[in-house]
A.B. asks: 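Structure below; questions to follow.
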Amino acid sequence: MKIAILSQDPRLYSTRRLREAGEDQGHKVRVINYLRCYMNITSRNPTIVYNGRQLENFDAIIPRIAVSRTFYGTAVVRQFEVMGVFSPNESQAISRSRDKLRCLQILAREGIGLPVTGFAHATQDIDGLIETVGGAPLVIKLLEGTQGLGVVLAETKQAARSVIEAFRGLDANILVQEFIEEAKGADLRCFVVGDKVVAAMRRQGAPGEFRSNLHRGGSARMAKLTPEERETAIRSAQAMGLQVAGVDLLRSNNGPVVMEVNSSPGLEGIERSTEIDVAGRIIEFVAKAAKQGRSGDRIKY
Ligand code: ADP
C-alpha cells in the first residue's frame with residue numbers, strides 16, 4: 001500500500017516512527033510537507049502538486065497537521081479526500097477538534113462527562129459566569145491556547161474576577177471551568193486508534209503545578225484505565241469523528257471527565273512511557289481501513 005504522512009518535518013519523532021512502522025509492515029511511505037503542496041481544484045480532476053510534480057496516487061494519508069497550520073493543512077487533507085484517498089482523520093474532524101468549545105459542545109451532546117464549563121467573550125456579568133461553574137477555585141482558559149499556556153487556576157473569586165477582566169481587555173474568547181482538585185495535577189492521555197484504546201499514560205504535573213502538560217515539566221508513566229475511562233475515551237473520539245485521537249481525561253469524583261480530544265496526538269511521550277508500538281498500531285489500522293474505504297466521520301456539527 002502507498003501511504004503519505006502529511007508532516008512539516010520528517011525528523012519529528014512521530015513522523016519518523018510512522019514512517020518506520022509503515023516500512024516495517026511492507027508499505028511504501030512518503031513524508032509530504034503539506035505547506036509545500038499546492039492544489040489544482042479543477043472540476044472532475046483535482047490534483048496536488050509537490051516539488052514541481054503532480055503527486056502520485058496514494059491509498060491513504062496520515063495527517064499530522066500542526067495547530068498553527070490548521071487552515072492550510074485541512075485544505076490539503078480535503079483535497080486528498082476529494083481525490084478519493086483514505087484518511088483516518090478527515091479534514092472536517094480535524095477542524096472540529098481544533099475548536100475547544102465546539103469539541104465540548106459535541107461531547108456534551110453525547111452525554112460524555114465534562115467539567116462544568118462556561119464560555120464567554122465580553123460578558124459584563126462576571127460574577128454570574130463564576131457562579132455557573134460553582135465559584136472559586138476555578139480554571140480559566142484562553143480558547144486559542146495549547147500546551148497548557150493560557151490555562152490559569154484562580155483560587156479565589158477575587159483572583160478569578162481579575163483574570164477574567166484581564167482576558168476581556170485582550171478581546172479573547174475564554175472558557176471558565178470547574179477546578180477538578182481531586183485529579184491532583186494529573187491527567188490521563190488515552191490513545192485511541194479505530195475503536196480501541198491502544199495505549200494510555202498518566203501525566204503528573206511538576207510539584208506545585210496543576211497542569212500536567214509534559215511541556216510544562218510534567219512526567220508520564222503507563223496508566224491502567226478503568227472500563228469506564230476506556231469507554232469514555234472511545235466514545236469521545238467517535239463523537240468527534242476521529243479514528244486516531246489522543247483523549248485527555250481527568251479523574252474526578254464523578255467519574256472521568258474529558259478535557260480535550262487531540263487529532264494529531266504526539267507519539268513520543270506515549271511510546272516511551274508505555275513501550276507500546278503505537279505507530280505500528282496506527283499503520284495496521286490505516287492499512288485495513290483504507291482497503292475497506294471506511295470513513296469515520298458521520299457527524300453533523
Ligand atoms: P492545553 O490544551 O493548553 O493543554 P488543557 O485544557 O488541556 O490545555 O489544560 C492543561 C492542563 O491543565 C491539563 O492537562 C490538566 O492537567 C490541567 N487542567 C485543565 N483544566 C483543568 C480543570 N478544569 N481542573 C483541573 N485541572 C485542569
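We number each residue from 1, following the sequence as shown. Both ligands and their constituent atoms are indexed starting at 1 by order of listing.
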A.B. asks: Applying side-chain contact (heavy atoms from CB on, under 4.5 Å) between S87 and each of I61, V244, L6, I94, report the one that passes.
C.D. replies: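 Exactly one pass, corresponding to I61.
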
A.B. asks: So if I count the atoms of ligand 1 from 1 in the order they appear, which ones are less than 4.0 Å from some heavy atom of V151?
C.D. replies: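 Answer for ligand 1: 8 (O), 9 (O).
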
A.B. asks: Of the backbone atoms (N, CA, C, O) and the side-chain heavy atoms from C-beta on, which set of D248 has a member under 4.0 Å from an atom of ligand 1: side chain, backbone, both, or neither?
C.D. replies: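 Near ligand 1, D248 shows nothing, with every heavy atom at 4.0 Å or more.
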
A.B. asks: Does L12 have any side chain to side chain contact (heavy atoms under 4.5 Å, CB included) partners at least two apart in sequence or in another chain, and if so, which?
C.D. replies: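 Once residues adjacent in sequence are excluded, the partners of L12 under the side chain to side chain contact (heavy atoms under 4.5 Å, CB included) criterion are S7, D9, T15.
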
A.B. asks: Does a side-chain N-to-carboxylate-O contact under 4.0 Å join E131 and K157?
C.D. replies: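 Looking at E131 and K157, the cut-off is met.
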
A.B. asks: Given E181, E260, K141, which one has a non-hydrogen atom that is nearest to atom 6 (O) of ligand 1?
C.D. replies: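 The option holding the nearest heavy atom is K141.
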
A.B. asks: Donor-acceptor pair, distance only, cut-off 3.5 Å: does the side chain of E231 make one with the backbone of E228?
C.D. replies: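 No; judged by distance alone, with no hydrogens or angles, the pair does not exist.
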
A.B. asks: Backbone N or O of A160 within a donor-acceptor pair of the S162 side chain at under 3.5 Å?
C.D. replies: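 It does not hold such a pair.
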
A.B. asks: Less than 4.0 angstrom from a charged side-chain N to a carboxylate O is my criterion; do E20 and R17 meet it?
C.D. replies: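 A salt bridge links E20 with R17.
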
A.B. asks: What atoms in ligand 1 come closer than 4.0 Å to a heavy atom of M259?
C.D. replies: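 Those atoms are 18 (N), 19 (C), 20 (N), 21 (C).
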
A.B. asks: So, 4.0 Å and heavy atoms of R203: is ligand 1 close enough to count as a contact?
C.D. replies: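 No.
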
A.B. asks: N/O of G185 under 3.5 Å from N/O of ligand 1, yes or no?
C.D. replies: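 N/O-N/O distance under 3.5 Å: no.
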
A.B. asks: When you look for heavy atoms under 4.0 Å from ligand 1, do you find them on the side chain of R211, its backbone, both, or neither?
C.D. replies: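 Near ligand 1, R211 shows its backbone as well as its side chain.
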
A.B. asks: Return the set of residues passing side chain to side chain contact (heavy atoms under 4.5 Å, CB included) with S212 (not counting sequence neighbours), or none when no residue passes.
C.D. replies: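 Partners of S212 by the side chain to side chain contact (heavy atoms under 4.5 Å, CB included) criterion, ordered by chain and then number, come out as D187, R203.
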
A.B. asks: Side chain, backbone, both or neither: which part of D187 comes within less than 4.0 Å of ligand 1 when only heavy atoms are counted?
C.D. replies: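 Under 4.0 Å from ligand 1, D187 contributes side-chain atoms alone.
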
A.B. asks: If the cut-off is 4.0 Å to any non-hydrogen atom of F179, which atoms of ligand 1 fall inside it?
C.D. replies: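 Under 4.0 Å from F179, ligand 1 has these atoms: 24 (N), 25 (C).
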
A.B. asks: Which ligand 1 atoms does L250 reach within 4.0 Å, using its non-hydrogen atoms?
C.D. replies: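 Per the distance check, 21 (C), 22 (C), 24 (N), 25 (C), 26 (N), 27 (C).
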
